[in-house]
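For clarity, every value in this text was computed on a predicted model and none was experimentally measured. Indexing begins at 1, ligand by ligand and atom by atom, following the structure's order.
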Amino acid sequence: MEVVVCKTKEEASKLAASIITKAVKANPKTVLGLATGSTPVLMYDEMARAVREEGVSYREVRSWNLDEYVGLAPTHEQSYRYFMNENLFKKIDIDLANTHVLNGLAEDPAAECAAYEKQIKDAGGIDIQVLGIGSDGHIAFNEPGTSLSSRTSVVYLTPSTVKDNARLFFGGNEAEVPTRALSMGVGTICEAKKIVLLAFGANKADAVKGMVEGGISQFCTASALQMHGDAWVFCDEAAAAKLALKDYYAWRSATKLAL
Ligand code: PGA
C-alpha cells in the first residue's frame with residue numbers, strides 16, 4: 001500500500017485525479033470504478049477541469065459505481081446515481097449509457113448484484129477503482145464484520161454510518177437514511193487492477209491507522225487493501241495524523257511519484 005500524505009485535500013485530490021487522467025489519456029477505454037460521498041468531489045472537479053482544459057476525453061470510458069441505497073430511485077436527490085450525474089457525469093463527456101450504478105429499486109436484488117458482477121467481468125475488470133473510507137474503516141458499504149472475500153450483495157449499514165451519512169447528506173435526519181444498500185464486495189473491489197483511496201479530515205484518522213498499520217481484519221474492511229499490489233492512499237495531514245510511519249510514507253511516495 002502506497003500512502004501519499006499531502007498538506008491539503010486539494011493537493012491530494014489533484015494528485016489522485018492525475019492518476020486517472022493519465023490512465024484515460026493512455027487508454028481511452030479505461031474501465032473505472034467510482035465512489036460517492038463528500039471525499040471524491042474535489043477529485044471529480046479536477047477530472048472535469050482536465051476535460052475542459054487538457055482535452056482529456058471520457059467518451060469511451062466505462063464506469064461501475066460501488067454502491068446504491070436500497071429503496072431510492074435514480075432520480076432521488078440522495079441516490080448515488082443522482083450524485084454521480086451531478087458531481088461528475090454532467091461535467092465530463094462520458095456517455096451516460098456507459099455508466100453503471102446498482103439499481104436500488106431492483107425487484108430481485110440478488111439477481112441485480114449477480115448481473116453487476118458479470119458486467120464488470122465482461123468488461124475485462126476494473127482498471128482503476130476509486131474509494132473513500134468510512135470512519136468505521138468500511139470501503140463501499142462493507143461494514144465491520146463483512147467477509148474480506150465478499151461479493152456484490154445486499155448489505156446493512158451500521159448506526160455510525162447512518163449517522164455520518166445523515167450529517168453529510170440527509171440534513172442530519174437519521175430516520176431518512178436507508179439502512180440497506182447494494183454494494184460491491186470487498187473481494188470484488190480487491191480485483192481492480194489499481195486502487196486509489198482518498199481520506200480527508202481528522203474523523204478518518206483512526207480508520208486510516210487501522211487500514212494501513214492495523215492487522216488485516218474484517219473489522220476494518222479497508223485493511224484488505226494491504227493484500228493488493230497496487231493500492232494508493234491519498235490523505236491530508238489530518239487523516240494521516242495517527243500513522244506511526246507517516247513521514248516515511250510521505251517521503252517514499254513522493255520519491256515514487258517523481259519517477
Ligand atoms: P465520505 O464517505 O466521503 O462522505 O466521508 C466515505 C465513505 O463512507 O466511504
Side-chain angles (χ1 to χ4, degrees), residues 6 8-10 12-13 16-17 32-47 64-70 72 77-84 86-88 101-102 104 128-146 148 150 152 155-174 176-186 188-190 192 195-212 218-225 231-241:
C6 297
T8 63
K9 60 181 178 182
E10 287 78 12
S13 301
L32 294 177
L34 296 173
T36 50
S38 55
T39 309
V41 171
L42 286 172
M43 187 187 77
Y44 291 156
D45 285 346
E46 180 60 21
M47 286 160 62
W64 275 265
N65 258 79
L66 287 171
D67 42 21
E68 180 61 283
Y69 290 114
V70 167
L72 296 197
E77 286 191 15
Q78 313 300 347
S79 76
Y80 285 169
R81 160 54 78 181
Y82 186 90
F83 177 99
M84 289 310 301
E86 294 300 309
N87 287 285
L88 182 64
V101 181
L102 284 151
I128 304 179
Q129 176 66 59
V130 176
L131 294 174
I133 183 170
S135 60
D136 64 1
H138 69 216
I139 46 174
F141 271 134
N142 294 292
E143 300 286 33
T146 304
L148 300 185
S150 64
T152 306
V155 297
Y156 299 79
L157 276 55
T158 59
S160 83
T161 296
V162 169
K163 199 168 174 189
D164 284 349
N165 291 2
R167 185 173 47 86
L168 291 166
F169 299 105
F170 287 85
N173 189 353
E174 288 181 33
E176 274 186 27
V177 183
T179 51
R180 289 185 306 151
L182 305 181
S183 176
M184 274 194 209
V186 182
T188 319
I189 291 167
C190 287
I195 290 182
V196 170
L197 183 145
L198 303 162
F200 305 141
N203 68 325
K204 301 291 173 73
D206 286 323
V208 168
K209 169 83 178 162
M211 166 176 64
V212 178
Q218 65 177 357
F219 291 99
C220 174
T221 55
S223 66
L225 301 189
W232 290 74
V233 176
F234 291 86
C235 297
D236 63 2
E237 293 268 0

For E86, enumerate each residue passing the side-chain hydrogen bond (donor to acceptor under 3.5 Å, both in side chains) test, keeping only those at least two apart in sequence or located in another chain. K90
Taking any residue with a non-hydrogen atom under 4.0 angstrom from an atom of ligand 1, which ones do you get? G37, S38, T39, G132, I133, G134, H138, L168, F169, K204
Counting C-beta onward and ignoring hydrogens, is there a side-chain heavy-atom pair between Q218 and T146 closer than 4.5 Å? no
Which residues share a ring pair (Phe, Tyr, Trp, His ring centres under 6.0 Å) with F219, sequence neighbours left out: none
Would you say that more than 12 heavy atoms from the other residues, nucleotides or ligands in this model lie under 6.0 Å from the NZ of K9, or not? no
For Y44, which residues count as a ring pair (Phe, Tyr, Trp, His ring centres under 6.0 Å) partner, sequence neighbours excluded? none
Which atom of C220 lies closest to which atom of G210, heavy atoms considered: SG-C, 3.9 Å
